[in-house]
Structures are given as structure tokens and as C-alpha cells.
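A short write-up of the structure that comes next.
Values below: every heavy atom of this structure, side chains too, minus hydrogens, waters and symmetry copies. Convention: sequence-line order gives letters A, B, ...; per-chain numbering from 1.
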Amino acid sequence: MNPIEDTMLISYTLDAGINRHNMNALSEIHLGHKTITFKELVGSGKNKLNFSDIELAKATEYAAEDADVTLRLYENLKERMNEEKLNKIYEYFEKPMVKLLAKLEFNGIKVDVNYLKKLSAQFEKKLKKIEKDIFTVAGKEFNIGSPKQLGEIIYNELKIAKLKKTRKGSLATNASVLENLALTGHKFPNLILEWRQVSKLKNTYTDALQDHISSKTKRVHTSFLLAATNTGRLASSDPNLQNIPIKSEDGREIRKAFVADKGNVLISADYNQIEMRILADIADVKELKKAFKNNEDIHSLTASQVFNVPIDKVNEDLRRKAKAINFGIIYGITQYGLAKQIAVSNQEALDFINAYFKKFPEIKDYMNTTIKFCRTRGFVNNIFGRRIHLRGINDKNFSVRSFQERAAINAPIQGSAADIIRLAMIKLDQIIETDKKFKTKMLLQIHDELIFECSQNDKDYVKKVIKEAMISVSISDYHMFSIPLNVSINSGLNWGEAH
DNA sequence: CCGTTCACG
DNA sequence: ACGTACGTGAACGGG
């Protein structure tokens, strides 16, 4: 029995994709009452007061309104939730997360501050060096971090290629544009790309992370947001620990700064290709389901089907392309998107997509059915019955409508994966609270990955239990999976090593 | 405060 | 005829 209720989470369960879920917004929408905001109460800028300095009568009015509005919202939303039969989503997927995430936030994760400082200095040196080269090539000094100034140099001074503009009409200098410019043989674009990467790592990670270390615990404590995404995923902020680098060489170094306490290890447990598995399940894709049951390499299989070559003749390049197609499918593929991603012509991309749908016709059916359903109902469901609303699905603007259609295809897949890992977290939290032999702390969730910390001595048992729990959520009361789940699990003294 | 860019799944 | 692959948050520049 969990007696705590939360209007924000009820609203999220009912209206994800329609509203924001904070009390002020909900009050205006459902009660037609504009609340006193905290900002109005305490002021802003240099006149900003502390809550303790607010006149008692005013503080009372604010606090009483808060309580009144919350109760009225609860009565209002609870009714709708029961009528629409969404109470199970709220009870089983939302409510248990509140206390659980509080524990994750409270636990925090240790970072090696000296190591971060060393990395910062290293990046700084690298930046200075690249900066010098950039100014030499440009023939003058400018703010490399200003896309406006950079665009001027690229298109007006160096005249590397003809103008590319962003949606809003400014000069485009993003990575994909620069990569194309690099093909002209000019060295400038690659210098910028390198500078961008290193400055990103330094500013956003090695420098900023140090400011987030708690002086009390010497650890970093993120905030997990439970009602921020449309799909059921969590989000993380202050700092965001769900986008710590891993893809580049320099980036991976940053993961090593996340360390286990003395005598402990970090454990990382990843669902393998969970979204492709869910696609195979919801779209009932015979070939894919068979492949997952037989533990086959799914991207090689795709390559062999789409490019019509025997599976043992699939080379690295074909596999890479097939992998991009599989990702694209989950995002609601377009020929333009795929063409850009794997650097082929629009026609070739279209041919690949057509070949793909011919081999996996159930996927095309799933897409059509999902969009049709969404057009009439205004929302889609994931495998557990979570609802995601797509407000613009019938918009008369082609671009808006297409965007919503792709989101409608993606939402049940991404959202089912999000709810599967929620179940795993809830299950593991119960084990943590009840199994005296299972001594471990849950630290982070990164969409398809969980990070734990436990004693060196316990790690073998802990890993076994985690893996078993994550894999077995599939045979729960909520949904019978037609495909097995798989989990990779590793441990080490730091996050880089545990991955 | 918005737009651009880029880090992640 | 659209100029997009889905979902996020943070840093920075510039009005």
C-alpha cells in the first residue's frame, strides 16, 4: 500500500503529449484558475527575497492555494484516470518510481575530481593548439564559438563552398555541413570540428561536472525527471548524467572519472537491442523474432536480406548500412534521413527502404496501422497500455503531420522499452530492500542501462541477480513477450571499465 | 530568452 | 511539394 498520490504523475499518465504537468499549468487547464507563482511571490533579480522573509499573510495565501489546488486537481484527474482505465499505468509504472528515484538521487555517484582537473588541463592545451591553427588558416582572430562569426569566415572570407542556411536563415555550420565541406580538401572544416568536440567535452563535462560535486557527500547527485518526456522515458538534469560521452576517444576518457568508492565496483547492465526486440514483438515480424530467438546478429541478417547477399558475405560496410536502416526504421524512416545518415543518394536510400519492407512486410503494416489508429484516436499505446498523444497527427501542414507520424511510429517502441526498464528497476529495488544477501546501490538509469555500486566481494552474486531480474521482466503479468530479452553486464573500478 | 550546436540512448 | 530520421538537456552567443 502506497498512500502517496501525485497530480503531476496522474496528468502525465493521462495527457502525455498534450499538457505540461506542473501544478500551475494544470490549475489553469482543469480549474480555470491562475495560481500565484513562486516567482511572483519572491520576486526576481536583485529584489529577490528568501521565502522566510515573505510576509506571513502572503506566504499563507500562497501555501494554502497550493494545498487547495492540489486536492481539487487530484479529485478531478483521478476520476478521469479511472474512467479511461489508466490507473494501472499510474499505480505500477509511475507511483513506485517516486521513492525509487529519490534513492538513486540520494546515492549519487563518485567522481574523481583530480582526474577531471587533469583532463580539463589536457583539453585546454589541445584547444589552444587547434585555435592557433584555425586563426592562421582564417587569416584573423575571431570567436570560434560563435556560429555567426564562423559562418562569415567559411562562406564570405574563405569561400570554401556556396552558402548553406539553417531553417531560420542563419549560416549553417553544424557538423554534417562541416563534414561535407571537408570533402573539398580544405583543412579548415576539420579544424573546427576538432575544436568543437574538445570544447564541448571541456565546457559541458570536465569543467561543469566539478561544480556539481556535493561538498557533503563528495559525489554527484543528478535529478531524475519523471514527467518530462512524451514517451515514458526519464530525463536527467543538474547535471544530466544520461549524456556522458562514450562515442569518441576523448569522450570515453570522461567516463573513467566516474568511479566506485574504495573496496567497491561499478556494475553496468545494458539491455541488448531492446528497441529492435520490441519492434519484432509489436509488429509481429516473423523473421526478426526467429533471429532473436536464435541469438543471431540482427544487423547482419538485415544486410543479407536488404542487399541480397549470403549472410557470410556481409562485410563491415553493408552491416553498418543495415544498422543505420534498423535505427531509421525505429525513428520512422524517410529516404532523406537515411540518405543523409549513410551518405548515399535519395534514390539509393529509397531502394534500400523498399527492399527492407519487402523482406519484413509486417513492419510496413505496423506503421500503417499505427498511423491510422493515431489519426482517429489522437494517441498511440505502448505494449503496456501507456498512452502517448500526438496533437498534430491530422495537421494540414505536411511537415508537421509527417513529423507527428514518425513520432507515432517511434513512441510505442521507445515507450515500451522505457516501461520495461522501469519494471526492472522496481523489481531490483524490491530485491535491494528485502534480500539481505543482495547488498548493492542503484545509481543511474541511462534509458537501456542501469548502473549499480557494490562491494568487490559481492559482485558475482550481485551481477547474477541483476541480469536475471532484468531479463525476467518480460514474463510479467503485464505483457507476454514473444521474444527473449538479453542483458550485457560488466563491472570495473570506473564507468569506463564497467562498460 | 531564443537559436544553434552537440553530448547521449 | 516537404527540406525531417525518434527522444532528451546544457553551453554558448547574441539580441
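Nucleotides dG3(C) and dT4(B) are separated by 14 Å at their P atoms, to the nearest Å. The separation of dG3(B) from dT4(C), taken at their P atoms, amounts to 15 Å, rounded to a whole angstrom. One C1' atom belongs to dC6(B), the other to dA1(C), and the distance between them is 30 Å to the nearest Å. Nucleotides dC2(C) and dA7(B) are separated by 29 Å at their C1' atoms, to the nearest Å.
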How does each nucleotide of nucleotides 4-9 of chain B score, in 5' to 3' order, for protein heavy atoms under 4.0 Å: base (B), sugar-phosphate only (S), or none (-)? SSBBSB

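A salt bridge does not link Arg319(A) to Glu316(A): none of the charged nitrogens lies less than 4.0 Å from a carboxylate oxygen. The pair Asp133(A)-Lys187(A) does not count as a salt bridge, with every side-chain nitrogen at least 4.0 angstrom from each carboxylate oxygen. Taking the charged nitrogens against the carboxylate oxygens, Asp6(A) and Lys95(A) have no contact shorter than 4.0 Å, which rules out a salt bridge. With salt bridges taken as basic N to acidic carboxylate O contacts below 4.0 Å, one links Asp317(A) and Lys321(A). Under a 4.0 Å N-O distance rule, the pair Lys110(A)/Glu453(A) does not qualify as a salt bridge.
Within the 4.0 angstrom heavy-atom criterion, only backbone atoms of the sugar-phosphate kind lie near Phe403(A); the bases stay farther away. Note on Gly332(A): nothing from the nucleic acid sits closer than 4.0 angstrom, heavy atoms only. At the heavy-atom level, Asn143(A) lies under 4.0 Å from the strands shown only through sugar-phosphate atoms. Among the heavy atoms of the strands, none lies under 4.0 Å from Ala408(A). Residue Ala208(A) is in sugar-phosphate contact alone, with no base atom involved, counting any heavy-atom pair closer than 4.0 Å across all strands shown. Nucleic acid contact for Ser402(A): none, since no nucleic acid atom lies under 4.0 Å from a heavy atom of the residue. Looking at heavy-atom distances under 4.0 Å, Leu234(A) makes no contact with the nucleic acid at all.
Using modelled atom types and a 3.5 Å distance limit, the side chains of Thr35(A) and Asn24(A) yield a donor-acceptor pair. The closest side-chain donor-acceptor pair between Ser120(A) and Tyr205(A), if any, does not fall under 3.5 angstrom.
Sorted by first then second residue, the side-chain hydrogen bond (donor to acceptor under 3.5 Å, both in side chains) pairs that include residues 337-352 of chain A, not counting sequence neighbours, are Ser345(A)-Glu348(A), Gln347(A)-Asp351(A). Annotation: side-chain hydrogen bond (donor to acceptor under 3.5 Å, both in side chains) contacts involving residues 355-372 of chain A, sequence neighbours excluded, comprise Asn326(A)-Tyr356(A). Screening residues 373-392 of chain A for salt bridge (Lys or Arg N to Asp or Glu O under 4.0 Å), with sequence neighbours left out, gives Glu84(A)-Arg387(A), Glu94(A)-Arg386(A), Arg375(A)-Glu405(A), Arg386(A)-Asp419(A).
When DNA chain C is scanned 5' to 3' for any atom under 4.0 Å from a heavy atom of chain A, the first and last hits are dC2(C) to dG15(C).
Considering only heavy atoms from C-beta on, Leu423(A) stays 4.5 Å or farther from Tyr92(A) through its side chain.
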Could you write out DNA chain C as a dot-bracket string, with dots for unpaired bases, | for bases paired across to another strand, and Watson-Crick or G-U pairs counted at under 3.5 Å? .....|||||||||.

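Checking Ala324(A) against Gln335(A), the closest nucleotide of DNA chain C that is more toward the 5' end is the one next to Gln335(A). Checking Asn410(A) against Ser237(A), the closest nucleotide of DNA chain C that is more toward the 5' end is the one next to Asn410(A).
Ring centers of Phe135(A) and Phe142(A): under 6.0 Å apart, within the cut-off.
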